[in-house]
Asks: 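One structure follows; several queries about it will come next.
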Amino acid sequence: MSAGAGFNWLLFVLIVLSLRLQGADTRARDLNGQVFDPFAESTAGTIVLIFVATDCPISNRYAPVVNDLAVTFSSPNLRFFAVYPDATATASAIRKHREEYGYKLPALLDPDHSLVRRAGATVTPEVAVFLLSPEAGASPLLIY
């Protein structure tokens, strides 16, 4: 391999890593199957991801608290999302779960765990808070 080819390969790897660090792989889907990136919200300064599961008794027990927080604090600058990371959960099962527990915040399906990886989530329920501001730089900053 020539020195020029080695440099090009290294440059390619650095570009790919840079895109991953900036959250380029953090797309999930909404309940209609549309690709949705919560970090692409241009008006939001803070994004709160709440990882829940339809069959998690702790997530279900905390549903009223989660709803109260989202209703009380949601604004154009602070957005809440319920993230369902279970790859086997269907949109209809999630809709039923949301109706049963009264979830008001938008739901995102994350079967590929792109948001899970971005947040470092390991259990449900779990919360991740990201700062999207000039102070955070080009990439969403995980602050909690």
Side-chain angles (χ1 to χ4, degrees), residues 5-144:
F7 176 77
N8 288 341
W9 177 249
L10 178 61
L11 183 61
F12 172 75
V13 169
L14 290 174
I15 289 170
V16 169
L17 287 174
S18 171
L19 289 174
R20 291 188 60 104
L21 290 175
Q22 293 179 12
D25 65 342
T26 54
R27 286 193 252 173
R29 297 198 176 270
D30 64 19
L31 288 176
N32 295 320
Q34 299 298 310
V35 172
F36 186 86
D37 182 352
F39 303 116
E41 291 290 316
S42 60
T43 61
T46 305
I47 301 292
V48 179
L49 303 179
I50 302 172
F51 294 88
V52 298
T54 59
D55 61 350
C56 175
I58 299 170
S59 291
N60 294 339
R61 191 173 332 130
Y62 276 107
V65 174
V66 168
N67 284 323
D68 288 346
L69 288 171
V71 168
T72 302
F73 294 105
S74 286
S75 73
N77 292 321
L78 178 60
R79 299 284 312 271
F80 287 80
F81 295 94
V83 180
Y84 291 83
D86 183 0
T88 63
T90 64
S92 62
I94 292 171
R95 281 187 183 97
K96 180 180 177 190
H97 179 255
R98 292 173 55 75
E99 183 177 321
E100 185 175 342
Y101 290 95
Y103 277 109
K104 305 288 185 227
L105 58 161
L108 297 176
L109 286 73
D110 189 29
D112 298 327
H113 291 178
S114 63
L115 296 174
V116 167
R117 284 189 302 277
R118 182 74 179 165
T122 57
V123 298
T124 58
E126 187 165 353
V127 174
V129 180
F130 289 89
L131 185 61
L132 305 173
S133 70
E135 296 84 23
S139 182
L141 177 65
L142 179 64
I143 59 173
Y144 177 85

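Any value given below was found using the heavy atoms of this structure, including those in side chains, with hydrogens, waters and symmetry copies removed.
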Asks: For residues Val129 and Phe80, determine if any side-chain heavy atom of one lies less than 4.5 Å from a side-chain heavy atom of the other.
Replies: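 Answer no - side chains too far apart.
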Asks: Tell me whether Asp30 contacts the main-chain N or O of Asn32 through its side chain, where contact means a donor paired with an acceptor under 3.5 Å.
Replies: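 Yes, Asp30 side chain to Asn32 backbone: donor-acceptor pair under 3.5 Å.
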Asks: Sub-3.5 Å donor-acceptor pair from the side chain of Arg79 to the main-chain atoms of Pro106, do we have one?
Replies: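 Side chain of Arg79 to backbone of Pro106, a donor-acceptor pair under 3.5 Å: no, none is there.
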Asks: Can you check side chain to side chain contact (heavy atoms under 4.5 Å, CB included) on Val52 and Tyr62, steps first, answer last?
Replies: CA-CA 10 Å; Val52 298; Tyr62 276 107; over 6 Å; no
Asks: A side-chain contact here means heavy atoms from C-beta on lying under 4.5 Å apart; do Thr124 and Ile58 qualify?
Replies: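 No, too far: nothing below the 4.5 Å cut-off.
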Asks: Roughly how far, to the nearest 0.5 Å, is the CG atom of Asp37 from the CG atom of Leu115?
Replies: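 With rounding to 0.5 Å, CG (Leu115) is 7.5 Å from CG (Asp37).
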Asks: Taking the side chain as everything from C-beta on, heavy atoms only, tell me whether Pro85 gets closer than 4.5 Å to Pro111.
Replies: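 The answer is no; the side chains never approach within 4.5 Å.
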Asks: Strictly distance-based, threshold 3.5 Å: is any side-chain N or O of Glu99 a donor or acceptor partner for the main-chain N or O of Lys96?
Replies: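 Judged by distance alone, no pair lies under 3.5 Å.
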Asks: Is Asp110 close to Tyr84 at the side-chain level, that is, under 4.5 Å between some pair of heavy atoms?
Replies: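 Answer no - side chains too far apart.
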Asks: Is any side-chain heavy atom of Tyr103 closer than 4.5 Å to a side-chain heavy atom of Leu105?
Replies: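 Yes; the side chains approach each other to less than 4.5 Å.
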Asks: Compare all side-chain heavy atoms of Arg118 with those of Pro140 and state whether any distance is below 4.5 angstrom.
Replies: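 Contact flag for Arg118/Pro140 side chains = yes.
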Asks: Keeping the roles fixed (side chain from Asp112, backbone from Ser114), state whether a donor-acceptor pair exists under 3.5 Å.
Replies: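 Checking the backbone N and O of Ser114 against the side chain of Asp112, no donor-acceptor pair under 3.5 Å is found.
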Asks: Using atom types as modelled and distance alone, determine if a side-chain donor or acceptor of Asn67 lies under 3.5 Å from a backbone N or O of Lys104.
Replies: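 Present.
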Asks: Is the shortest heavy-atom distance from the side chain of Leu31 to the side chain of Leu109 under 4.5 Å?
Replies: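 Touching, per the 4.5 Å side-chain cut-off.
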Asks: Given 3.5 Å as the limit, does a donor-acceptor pair link the side chain of Asp86 with the main chain of Ala53, or not?
Replies: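 Between the backbone of Ala53 and the side chain of Asp86 there is no qualifying donor-acceptor contact (under 3.5 Å).
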Asks: What about Phe36 and Phe81, are their ring centers closer than 6.0 Å?
Replies: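 Yes, ring centres under 6.0 Å apart.
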Asks: Name the residue from Thr46, Leu141, Asn77, Ile47 that meets the side chain to side chain contact (heavy atoms under 4.5 Å, CB included) definition with Leu132.
Replies: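 Passing option: Ile47.
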Asks: Measure the shortest side-chain to side-chain distance between Arg29 and Leu108 over non-hydrogen atoms and say whether it is less than 4.5 angstrom.
Replies: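 Side-chain contact under 4.5 Å: no.
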Asks: Before giving the answer on side-chain hydrogen bond (donor to acceptor under 3.5 Å, both in side chains), spell out for His97 and Asp55 the whole-Å C-alpha distance, their side-chain angles and the decisive distance to 0.1 Å.
Replies: CA-CA 9 Å; His97 179 255; Asp55 61 350; over 6 Å; no
